[in-house]
Amino acid sequence: MSPRRAETGGRIDRLRTIRFTFDGAPYTGHAGDTLASALLANGVTLFGRSFKYHRPRGLLSAGVEEPNALVTVLRGEVREPNIAATMVEIYDGLVAVSQNRSPSLAWDIGALNQLGGKILSAGFYYKTFMGPVIGPLKGTRFWMFCEHFIRRAAGLGKAGTAPDPSRYERMNAFCDVLVVGSGPAGLMAAKAAADQGARVILAELEAHFGGSANWSGETIDGTPAADWAQRTVGQLEGNDNVRLLPRTTVWGYYDGNTLAALERVTDHKEAAAKGEPRQRYWAIRAGTVVLATGSFERPLVFPGNDRPGVMLAHAAERYANEYGVLPGQRIALFTNNDSAYRSALALKKAGAAVVAIVDVRGDVSNEMRKLASEAEAELLAGHAVVATEGGKALTGLKVQRFDAMSGALSGDDRSIHADSLLMSGGWSPTIHLASQAGARAEWDAARQAFLPPPPTQRWIGAGAFTGSFSTAEAIAEGRAAGLQAAGGAASPAPLPVVEAAPGDPDPAPVFEIKAKGKSFVDFQHDVTAEDVRLAHREGFVSVEHLKRYTTLGMATDQGKNSNVPGLAIMAEALGKPIPEVGTTRFRPPYTAVSIGSLAAERFGDLKPERLTPMHDWHIANGATMYSAGLWYRPMIYGLAGETVEQAYVREAKATRESAGMVDVSTLGKIAVQGPDAAEFLDRVYINMFSTLAVGKARYGLMLREDGLAFDDGTTWRLGEQEFLMTTTTANAGKVMQHLEYFLDVIWPELKVTVTSVTDEWAGAAIGGPNARAILASCVTGTAVDNATLPFMGIVHGRIAGVPVLICRLSFSGEMAFEVYSGSGHGTHVWEALIEAGRPFGLVTYGLEALGTMRIEKGHVTGAEIDGRTTARDLHLDWMLSKKKPFIGSAMMDREGLVASDRLELVGLVALDNRPLNGGGHIVEELDEANPHDSIGHITACCYSPALGKYIALALVEGGKGRHGTRAFVSDPLRNRFGPIEIVSNHFYDPDGSRMHG
């Protein structure tokens, strides 16, 4: 027999023995045990170490709110940390280890932190940012000294690095009624709604349906409550319109009555069956939601309340009644309400000796005195626990007389020998989902708890969730909620009859016993009552600031235990009632959710892989691909043994000497059509487009409404009312949104339609001295000479029988043409151009060579149009129209945007013939030990085969005025310092003779 396993009782299968290990030691339990109940049955009291002080911690609860007993579960090389032992169902071969300790749980060197005292009080890590003056450790240098140690101490469990081999699924479900929680209220709601013919989903986070009925010890309709619950579940299972989801946590409530849930499908199994996922993510869209999520028992705040062996009273009752496990042999209880008396009687019946019930209230009712007598417990009314004794396990406690009205202690303390202390500080309804749905909780003075807010979406509450803590009330509210959710009339059928111990659920308004010693509010993050008062003294009086300064409620339990006691202590410090202090808003997820379940089948790279029509050709012909935005594009077409620099230099040089071709299918392409299309473009661009002739293209620049540059590109006029706009690859989606917004919201009277046609066109840009000759040899249906196809001209023709659209424009500074065809013909046209260019030595080039040639020419891209530059900064002010208003024109002349010290586009030449780096700063005086006084930064850089030098584009203060001057590059992160010359951004062909030739 296990040390604490009762001979009878519980709902475990005593005929099935399960073997598992914890911290390498072998243990056994039974089917139906959790890791917590099985270890407790084996006499284990030490489960973990606290975050900051590394204090020994035992079990506090029996459910999802457990803050202390966090473990790491190992499956091969995969480790999953920070799992509550109370939620881990044991299975043969389970391997679990404790966390936040070294070298072992019993002997943890981190426990020396307890000697830190006030040095480690709330906010100590924030204060290191400012730091005291200690010799050379002044100001932030003190933080830099402490940072290494603080970061090493951060966290609890250690994340794994091995790939997760598990499979996850994602499901969508629709129902008339979603019932969250399967206690008596939830079961009645589900049955009532199902009987009305509604499609019902019943979600329960535990392994078994029934909630408190499984351990309350009550009777319903003359049978044990647990049996009644199983009978009701059996009735629901027989309905085709009911879906039962055990082990499913509804963790998020979103707009439109959409809720997120996580089903743990095989976490409780030694191995998944064929085709089974580990977890399943549910997106549930419900007509109406019934929230029957129950409530949490609160701890009391007193010195030594975190010692192993101190537990919540209802948790001990659950361990005894559901798992047949006693929390100890000699048990004392400490309470401010009646519910602990029921727990005392249940534990007595399970075989424990209940030595005392300590109640802060002096006027305990006769009914409770009778229950204490039945439990054979000494009743100490008007007393409080002021200390606990023991090390890694409880050995005793001290009590003292207590006045609940004044909070004063009096008389001498008295010692009581006990190996388990159960506390009950009242109950907090589990209102998290209701709060997520969009409203603030409301304080109830009688319940001393926050109750759910008025519904802002279609939900109905029932049971302890609403503050109705008796089973009879829960059953009545559950049936009424189910009928209302399904649109049914009130049922005349009698409700089930409940037999339960008497008791008043309203607690005395006592949250803390002020005595000597550390009194913990948040057990996981080691937040004490004094930390809360310190936050008040230091000015953090908002509940949001309190939470962040002390980390109260920021641990894995998200304040499920600590929220209300912490607010009560802050309210007392402020001299205000609790409702005036308020509470923080609950945010999803309700409990931790694995990243794997959120990704589900969409694992790996979560971005869509956009491939150009010529992608397979690029791969087959040796291209090295990389992602540019959402697209995969060739970086280089490297030869054997070439570096990236050698490859792009070769490609750029060959293009300038003869001809090169690049895939430009990724450019954003938007069809702008309608009677007002030209007027619309005039308003969108800074320059005129209504004067553009049909069959011509024009370069344009867009501004944002604040006057800053947004995007550039060319727009082609294909007809009087038809334009084809091209955008940068990265901004295609943003530009489309920009255009749609102005058409839909600002100028709805304009008769214009915009359509994204990016994927409809394949594009190839061919440039170089022989580009025209190559086109002439393969294009039919049109000439491509200078008269027919001048700069920025457009013609229609055919290549290899495929209709194409050709525009003469250049991004490289060479004579160049963009050839567009239907995307389905892209590879065919591309290969025809390759064949036509073979006699001329045509090369294909990638983005590195493309970037090199655009830097040489001085063209701007997103690196320069970075959301902070203006048209003037980029020397594009010659395009600013004085004949019309346009988006951004009202704001572009603001004082800050025309200041003389703005950063302007310039070119840089490295005078030490070493590579430059994007992001490197430009300084007038070089100081490698203390870099300072940046006058600008590098935006793009390369080796220029045309100049034979390392060059860059940069944004520098007073850019034009610095042409011909020298400065330095200062890049301490990459240890790159050296002299540079500031020049014009037009390195190559500044007069455009090659481009226009």
Side-chain angles (χ1 to χ4, degrees), residues 169-205 209 211 232-233 235-263 280-294 429-439 441 451-466 468 474-491 493 586-590 593 600:
E169 283 184 354
R170 182 182 180 91
M171 295 286 287
N172 289 283
F174 302 84
C175 62
D176 300 315
V177 180
L178 168 65
V179 180
V180 186
S182 72
L187 289 177
M188 286 300 294
K191 188 174 187 307
D195 288 346
Q196 294 293 315
R199 295 174 301 164
V200 177
I201 294 178
L202 175 60
E204 167 59 52
L205 63 83
F209 294 99
T232 305
V233 172
Q235 294 170 349
L236 290 171
E237 286 176 335
N239 288 351
D240 293 337
N241 57 328
V242 176
R243 184 195 293 270
L244 300 179
L245 294 177
R247 301 184 178 90
T248 301
T249 304
V250 179
W251 56 262
Y253 200 141
Y254 298 94
D255 292 344
N257 255 31
T258 300
L259 294 94
L262 178 68
E263 180 185 4
R280 187 176 287 125
Y281 168 75
W282 288 86
I284 304 173
R285 293 162 178 85
T288 304
V289 179
V290 175
L291 296 176
T293 50
T430 310
I431 61 173
H432 299 63
L433 291 176
S435 178
Q436 292 175 21
L451 299 186
T456 56
Q457 298 200 56
R458 296 187 304 278
W459 62 260
I460 306 166
F465 165 85
T466 67
S468 301
I475 287 176
E477 288 187 5
R479 184 161 78 177
L483 288 170
Q484 181 183 345
S491 173
F586 296 107
R587 301 176 179 89
Y590 168 70
V593 179

**Q** What distance separates Trp251 CH2 from Trp282 CH2, expressed to the nearest 0.5 Å?
**A** 15.0 Å
**Q** Should Glu237 and Val242 be marked as a side-chain contact (heavy atoms from CB on, under 4.5 Å) after you check the CA-CA gap, both sets of side-chain angles, and the distance that decides it?
**A** CA-CA 7 Å; Glu237 286 176 335; Val242 176; over 6 Å; no
**Q** Kindly check if the number of other-residue, nucleotide or ligand heavy atoms within 6.0 Å of CG (Asp240) is above 12?
**A** no
**Q** My understanding is that only residues two or more places apart in sequence, or in another chain, count here; which of them pass side chain to side chain donor-acceptor pair (under 3.5 Å) with Thr232?
**A** none
**Q** From Lys191 NZ over to Gln196 CD, what is the distance, rounded to the nearest 0.5 angstrom?
**A** 10.5 Å
**Q** Would you sort out whether Phe209 and Leu244 count as a side-chain contact (heavy atoms from CB on, under 4.5 Å), showing the intermediate values?
**A** CA-CA 9 Å; Phe209 294 99; Leu244 300 179; 3.7 Å; yes
**Q** Working to the nearest 0.5 angstrom, can you tell me the gap between Gln457 CD and Asn257 CG?
**A** 5.0 Å
**Q** Please check this pair: side chain of Glu169 against backbone of Ala600, looking for a donor-acceptor N/O pair closer than 3.5 Å.
**A** no
**Q** If I compare all heavy atoms of Asn241 with all of Gly197, which pair ends up nearest, and what's the gap?
**A** ND2-C, 3.6 Å
**Q** Is the backbone of Val177 close enough, under 3.5 Å, to the side chain of Thr288 for a donor and an acceptor to pair up by distance?
**A** no
**Q** Among Leu245, Thr248, Leu291, Leu205, exactly one meets side-chain contact (heavy atoms from CB on, under 4.5 Å) together with Val180. Which residue is that?
**A** Leu291
**Q** Walk me through whether Leu178 and Val290 qualify under side-chain contact (heavy atoms from CB on, under 4.5 Å).
**A** CA-CA 6 Å; Leu178 168 65; Val290 175; over 6 Å; no
**Q** Does one side chain, of Ser182 or Glu204, offer a donor that lies under 3.5 Å from an acceptor on the other?
**A** yes
**Q** Looking only at heavy atoms, what is the nearest atom pair of Phe465 and Ile431, with distance?
**A** CE1-CA, 3.9 Å
**Q** Do you know the tightest heavy-atom contact between Gly252 and Pro588?
**A** CA-CB, 3.9 Å
**Q** Looking only at heavy atoms, what is the nearest atom pair of Ala194 and Val200, with distance?
**A** N-CG2, 3.7 Å
**Q** Between Asp176 and Arg199 (side chain of the first, backbone of the second, donor and acceptor by atom type, cut-off under 3.5 Å), is there such a pair?
**A** yes
**Q** Supply the atom-to-atom distance Ile201 CD1 to Ile284 CD1, rounded to the nearest 0.5 angstrom.
**A** 4.5 Å
**Q** Tell me the closest heavy-atom pair linking Ser468 and Glu477, and the distance in Å.
**A** OG-OE2, 2.5 Å
**Q** Let me see the working for Tyr254 and Leu259 under side-chain contact (heavy atoms from CB on, under 4.5 Å), right down to the final yes or no.
**A** CA-CA 6 Å; Tyr254 298 94; Leu259 294 94; over 6 Å; no
**Q** How many angstroms lie between CG in Leu187 and CG in Leu202, if you round to the nearest 0.5 Å?
**A** 6.5 Å
**Q** Sequence neighbours left out, what passes ring pair (Phe, Tyr, Trp, His ring centres under 6.0 Å) with Tyr590? Give chain and number order.
**A** His432
**Q** For Gly461, is there any backbone N or O sitting under 3.5 Å from a side-chain donor or acceptor partner on Thr466?
**A** no
